[in-house]
Amino acid sequence: MWTFLQQLSSPPYFYQLAGRLIPWLAWPCLAFLISGLYYGLWVAPIDYQQGHSYRIMFVHVPAAWMSLFIYMVMAISGGIALIWHMKLAEVIAASSAPIGASFTFLALATGALWGKPMWGTWWAWDARLTSELILLFLYLGIIALNSAIEDKRTASRASAVLGLVGIINIPIIHYSVIWWNSLHQPPSITKFGAPSIHLSMLIPLLLMAVAFKFYYATVVLMRARCEILERERNSHWVGTLITPSQNS
Amino acid sequence: MNEFFQMGGYAFYVWTSYALTLLILIANWIIPLKQHQNLLRTLARKLRRKERDHVDPNP
């Protein structure tokens with residue numbers, strides 16, 4: 001196990017491994033995405049209260065889950081990078097930030113598009129919405145730190161500290177609908193006991209959630225490969241990687 | 001079929017949400033793809049230049 005971890009943290013090995021893994025993650029992603037869209041838009045029945053507008057849930061909820069999940073991945077790999085100075089953890093943290101920011105933006109935007117017809121407003125300054133907006137600002141702060149500091153390793157340390165401090169926001173987002181009176185509905189999947197959602201609506205929701213997980217795995221590896229190439233541009237292995245393309 | 005596109009009057013909200021989702025998914029996939037191609041190209045060019053500078057053309 002330890003030797004595997006050591007091998008994995010070697011940039012050239014990880015670069016090759018990620019390249020081989022990407023198609024195995026991308027194709028399941030596409031399959032889950034297409035079936036999720038089919039079940040969500042076509043098969044799932046109309047909601048008796050919200051009509052067809054509830055179908056926004058199938059993209060809104062998985063996007064919001066991803067915004068929290070990616071933040072945790074980013075903050076934890078940032079922490080690992082801080083403690084053990086592992087280059088690979090820095091790379092994963094830096095590559096996750098823009099993807100997490102995208103999903104946070106998507107959760108907020110689809111939330112507004114769902115809020116307008118259902119609540120009569122695009123936006124409300126309530127606990128859930130505001131804490132999710134703060135999450136977006138945390139992501140943007142981390143992206144800004146990463147690009148503002150010239151030295152990549154210093155940048156990673158600075159953004160890791162910000163990421164770890166920002167973890168405090170994650171339970172606040174999750175419990176905001178329980179702690180405060182909110183316009184936003186409480187969670188219907190993760191509460192204890194049986195989920196209060198019908199199976200025909202649960203299936204597309206889970207399909208989309210799995211699709212988004214595979215999607216994140218695919219694109220984070222794609223970004224990580226770029227990040228590694230850039231950081232290791234002067235090393236010998238990158239030189240030998242480039243050389244074959246010279247002859248063509 | 002027509003009813004499917006109208007989404008019971010919520011067409012604008014539902015379709016904008018799904019369009020936005022697809023846009024973001026595609027963008028986040030294209031960006032690293034292009035970046036990777038560009039990086040390989042720039043690094044190869046740099047390497048060629050370095051090698052050319054090291055070899056004296058007129059010995």
Side-chain angles (χ1 to χ4, degrees), chain A residues 19 22 26 29 33 37 40-42 46-47 50-60 62-63 95 98-99 101-103 105-106 109-118 208 211-212 215-216 218-227 229-230 233-234 238-239 241-246 248, chain B:
Chain A
I22 284 168
C29 166
L33 193 68
L37 289 173
L41 288 170
W42 190 257
I46 187 167
D47 186 73
Q50 301 200 359
H52 284 296
S53 78
Y54 91 95
R55 294 187 198 278
I56 295 172
M57 173 182 77
F58 300 131
V59 289
H60 171 71
S95 310
I99 309 167
S102 304
F103 277 114
F105 170 75
L106 187 62
T110 54
L113 282 163
W114 197 3
K116 185 61 183 166
M118 288 302 111
M208 291 300 280
F212 279 16
Y215 176 82
Y216 166 62
T218 309
V219 293
V220 82
L221 289 184
M222 289 171 73
R223 276 186 191 268
R225 267 161 68 90
C226 295
E227 187 81 21
L229 268 189
E230 231 167 305
R233 60 196 317 154
N234 295 321
V238 172
L241 184 85
I242 307 283
T243 319
S245 65
Q246 258 187 308
S248 61
Chain B
M1 201 63 191
N2 206 22
E3 201 219 37
F4 172 72
F5 286 112
Q6 282 168 358
M7 280 288 159
Y10 295 116
F12 169 74
Y13 302 105
V14 173
W15 293 118
T16 313
S17 295
Y18 278 83
L20 207 59
T21 306
L22 289 183
L23 198 75
I24 283 180
L25 293 185
I26 292 169
N28 268 302
W29 176 66
I30 296 283
I31 290 168
L33 201 70
K34 287 280 158 211
Q35 196 193 355
H36 192 243
Q37 287 170 353
N38 286 343
L39 258 172
L40 287 181
R41 214 173 302 135
T42 347
L43 289 178
R45 207 183 306 133
K46 255 193 186 153
L47 197 75
R48 267 201 300 273
R49 203 177 305 139
K50 212 166 77 182
E51 273 172 8
R52 195 188 51 206
D53 292 349
H54 277 303
V55 179
D56 194 350
N58 305 310

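Because only heavy atoms are used, hydrogens play no part in the values below, and waters and symmetry mates are left out as well, while side chains stay in.
- Within the 4.5 Å cutoff, no side-chain heavy atoms of A:His52 are placed close to those of B:Gln6.
- Separation of atoms CG (A:Leu106) and CG (B:Leu20) is listed at 6.0 Å; rounding is to 0.5 Å.
- Using a 4.5 Å cut-off between heavy atoms, B:Ile24 contacts chain A through both its backbone and its side chain.
- The closest donor-acceptor contact from the side chain of A:Tyr215 to the backbone of B:Leu25 lies under 3.5 Å.
- Residues passing the side chain to side chain contact (heavy atoms under 4.5 Å, CB included) test with B:Leu23, sequence neighbours excluded: none.
- Heavy atoms closer than 4.5 Å to chain B are found in the side chain of A:Leu37, but not in its backbone.
- Residues B:Asn28 and A:Phe103 fail the side-chain proximity criterion, which asks for heavy atoms closer than 4.5 Å.
- In this structure, the side chains of B:Met7 and A:Leu41 come closer than 4.5 Å at one or more pairs of heavy atoms.
- Considering B:Leu43, B:Thr42, B:Leu39 in turn, B:Leu39 is the only one that fulfils the side chain to side chain contact (heavy atoms under 4.5 Å, CB included) rule with A:Glu230.
- Smallest separation of non-hydrogen atoms from A:Cys226 and B:Pro32: SG-O, 3.4 Å.
- A distance of 10.0 Å separates CD in B:Gln35 from CE in A:Met222, rounded to the nearest 0.5 Å.
- In this structure, B:Tyr18 contributes its side chain and A:Arg55 its backbone to a donor-acceptor pair below 3.5 Å.
- Heavy atoms of other residues, nucleotides or ligands lying less than 6.0 angstrom from CH2 of B:Trp29 number 12 at most.
- The NZ atom of A:Lys116 sits 13.5 Å away from the OG1 atom of B:Thr16 when rounded to the nearest 0.5 Å.
- In this structure, CG in A:Leu33 is found 7.0 Å from CG in B:Leu22, a value given to the nearest 0.5 Å.
- In this structure, chain B has no heavy atom under 4.5 Å from any part of A:Tyr54.
- Closest of all the heavy-atom pairs between B:Leu47 and A:Gly239 is CD2-O, 3.8 Å.
- Contact of B:Tyr10 with chain A is made through the side chain alone, with heavy-atom distances under 4.5 Å.
- From A:Asn234, atom CG reaches atom NZ of B:Lys46 across 7.5 Å, with rounding to the nearest 0.5 Å.
- Note on A:Ala112, A:Ala63, A:Pro98, A:Ser53: by heavy-atom pairs under 4.5 Å with chain B, the leading option is A:Ser53.
- Among A:Ala109, A:Gly51, A:Ser102, the residue with the largest count of heavy-atom pairs under 4.5 Å with chain B is A:Ser102.
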